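In this text, all values refer to a predicted model and were calculated from it rather than measured experimentally. Sequence lines set the chain letters: A, B, ... in the order given, protein chains first and strands last, and positions in each chain run from 1.
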There are 2 protein chains.
Amino acid sequence: MSLKHALLGVLTCKPMTGYEVKQFFDSTVQHFWNAELSQIYPTLKSLEESGWVTKEVQPQDGRPDRKVYAITDAGREEFARWVRAPQPPADLRDPFLIKVFFGTEVPVEDLLVILRRQKEEHQKVIAFSETVLREKIQHGIRERSPRHGLFWTLTLEMANAYRRAYIDWCDRSMRLLEEGFIDGDVMRATAERAFMESA
Amino acid sequence: MSLKHALLGVLTCKPMTGYEVKQFFDSTVQHFWNAELSQIYPTLKSLEESGWVTKEVQPQDGRPDRKVYAITDAGREEFARWVRAPQPPADLRDPFLIKVFFGTEVPVEDLLVILRRQKEEHQKVIAFSETVLREKIQHGIRERSPRHGLFWTLTLEMANAYRRAYIDWCDRSMRLLEEGFIDGDVMRATAERAFMESA
DNA sequence: CGCACCATGTAAGAAGTTACATGATTCA
DNA sequence: TGAATCATGTAACTTCTTACATGGTGCG
């Protein structure tokens with residue numbers, strides 16, 4: 001479970017409540033990780049039991065007490081250990097590729113439609129990353145932790161690089177399908193070579 | 001749950017047992033989808049209850065009876081409906097990016113090590129795709145279903161494009177870290193611009 | 001007046017992985 | 001002799017999502 005270590009990572013920035021951790025997730029690592037409050041609260045509790053974080057209860061009236069979690073030395077060590085540990089590459093798990101894989105089951109016209117839509121969806125995500133998210137991250141860097149600037153930018157770049165690769169692939173796939181539209185045989189025979197050349 | 005539809009997709013090729021479906025997964029869609037037998041067997045049963053597949057029991061001696069599942073017309077329709085339905089883009093969920101995001105917690109040297117290792121892992125996967133997997137897929141195309149050739153190749157290309165983007169990103173990140181090694185301030189100030197230019 | 005924000009959680013369910021259970025055949 | 005292949009499944013567990021439960025404050 002990487003969530004435990006993701007939470008430790010967040011708490012290296014500063015002590016936070018579960019609610020604040022969720023906000024941190026939403027405003028910064030959103031593009032490659034996410035977690036719900038219902039998962040965060042119990043996980044913080046288990047981190048406390050492991051001695052990796054401590055809890056300070058700040059009483060409030062009219063709403064639940066704030067429970068501020070802070071990382072311990074042991075927690076910092078555990079996090080650094082985890083960072084250095086081998087990490088198998090994340091594998092893709094993409095239902096859209098299943099649709100393309102069994103593309104023979106629908107007319108080519110329909111495939112072109114879903115490819116175009118999928119491309120647009122990825123474009124929207126990039127547009128969001130480049131405006132709202134980039135601004136949020138830059139704000140976080142300025143306000144909270146200038147040291148993190150490089151790394152936060154790098155991860156944003158990786159997420160965008162993935163989306164750009166996806167968009168390019170949609171374009172090339174659509175082009176190939178349009179070309180092979182009339183003569184299916186030609187399509188098949190030259191598909192692979194054509195893809196390589198268009199890259 | 002996309003697994004149900006993935007199974008329907010597989011069964012559009014030909015009737016199969018759960019065991020054979022697993023082999024199909026392992027030899028063709030492995031690079032963007034996977035499933036365990038313990039998940040496949042119950043899912044096939046539920047597909048049968050939905051009327052999307054039928055089961056034919058072939059008795060055997062010395063080993064469990066073969067249960068061959070075939071897709072029905074209703075199943076084909078359901079699959080086509082699913083293919084055409086809107087598909088939100090798969091989001092990244094990559095523990096490695098968490099490590100980079102909180103890169104301030106370990107020395108730069110250690111980050112260079114894990115970036116190099118991660119790059120190598122992705123290179124290995126591509127090498128496997130381009131040899132073993134490509135051969136398996138090509139075999140499947142020749143033996144079973146030439147119609148699928150274009151689509152099977154396309155999905156392989158997408159998976160490889162993702163890995164190549166990842167590798168490029170590792171390279172650029174390592175370069176930036178090496179440059180900013182001595183003077184952290186310079187590193188931070190120019191990181192973003194430098195990344196853009198190196199792309 | 002209704003919605004968003006703050007702040008905590010529990011419970012139920014879906015999806016996926018790992019371990020357990022059985023047992024004959026074939027190949028090195 | 002021991003591993004891989006064929007062939008079925010169940011049970012336990014982890015991870016993640018969605019729904020439920022409470023309730024005050026402030027804004028438009």
J.: Side chain of A/Ser38, base of D/dT18: donor and acceptor closer than 3.5 Å?
T.: yes

J.: Does A/Tyr19 share a hydrophobic cluster with A/Leu44, counting links as ILVMFWY side-chain heavy atoms below 4.5 Å and allowing steps through other members?
T.: no

J.: What's the OH-P distance between A/Tyr19 and C/dA7, to the nearest Å?
T.: 7 Å

J.: For the pair made of CG in A/Asp61 and P in D/dG24, what is the distance, rounded to whole Å?
T.: 11 Å

J.: Nearest nucleotide by nearest heavy atom, which residue falls closer to the 5' end of DNA chain C, A/Tyr41 or B/Ala35?
T.: A/Tyr41

J.: Whether the A/His31 and A/Ser129 side chains hold a donor-acceptor pair (N or O, under 3.5 Å, no angle test) is what I'd like checked.
T.: no

J.: Touch check for B/Gln23, heavy atoms < 4.0 angstrom, all strands: base, sugar-phosphate only, or nothing?
T.: sugar-phosphate

J.: Using the rule that two of Ile, Leu, Val, Met, Phe, Trp, Tyr join whenever any of their side-chain heavy atoms come within less than 4.5 Å, decide whether A/Leu3 and B/Phe102 are in one cluster.
T.: yes

J.: For A/Arg93 and C/dG16, is the shortest distance between a side-chain N/O and OP1 or OP2 below 4.0 Å?
T.: yes

J.: When you get a sec, tell me which of D/dT8, D/dT10, C/dA15 is the closest nucleotide to the side chain of B/Gln39?
T.: C/dA15

J.: Calculate the interatomic distance between B/Leu47 atom CG and C/dA15 atom P; express it in whole Å.
T.: 12 Å

J.: Kindly point out which of D/dT8, D/dC16, D/dA11 is positioned nearest to the side chain of B/Pro64?
T.: D/dT8

J.: Determine: side-chain N/O of B/Gln60 to OP1/OP2 of D/dA7, distance under 4.0 Å, yes or no.
T.: yes

J.: What is the distance, rounded to the nearest whole Å, between atom CG of B/Asp65 and atom P of D/dG9?
T.: 9 Å

J.: Same cluster or not: are B/Val57 and B/Val53 linked, directly or through other Ile, Leu, Val, Met, Phe, Trp or Tyr residues, by side-chain heavy atoms under 4.5 angstrom apart?
T.: no

J.: In whole angstrom, give the distance that lies between atom CD of B/Glu20 and atom C1' of D/dC6.
T.: 10 Å

J.: Check B/Trp169 against B/Val100 and note the closest heavy-atom contact, atom names and distance.
T.: CH2-CG2, 3.9 Å

J.: Please state how far atom CG in B/Leu44 lies from atom P in D/dA7, giving the value in whole angstrom units.
T.: 14 Å

J.: Among the nucleotides D/dT8, C/dG16, C/dA24, which one has an atom lying closest to any side-chain atom of B/Met1?
T.: C/dG16

J.: Quickly work out the B/Lys22 NZ to C/dG16 P distance and round it to whole Å.
T.: 13 Å

J.: Rounding to an integer number of Å, can you tell me how far A/Arg66 CZ sits from C/dT8 P?
T.: 7 Å

J.: NA contact type, A/Arg63, heavy-atom cut-off 4.0 Å: base, sugar-phosphate, or nothing?
T.: base

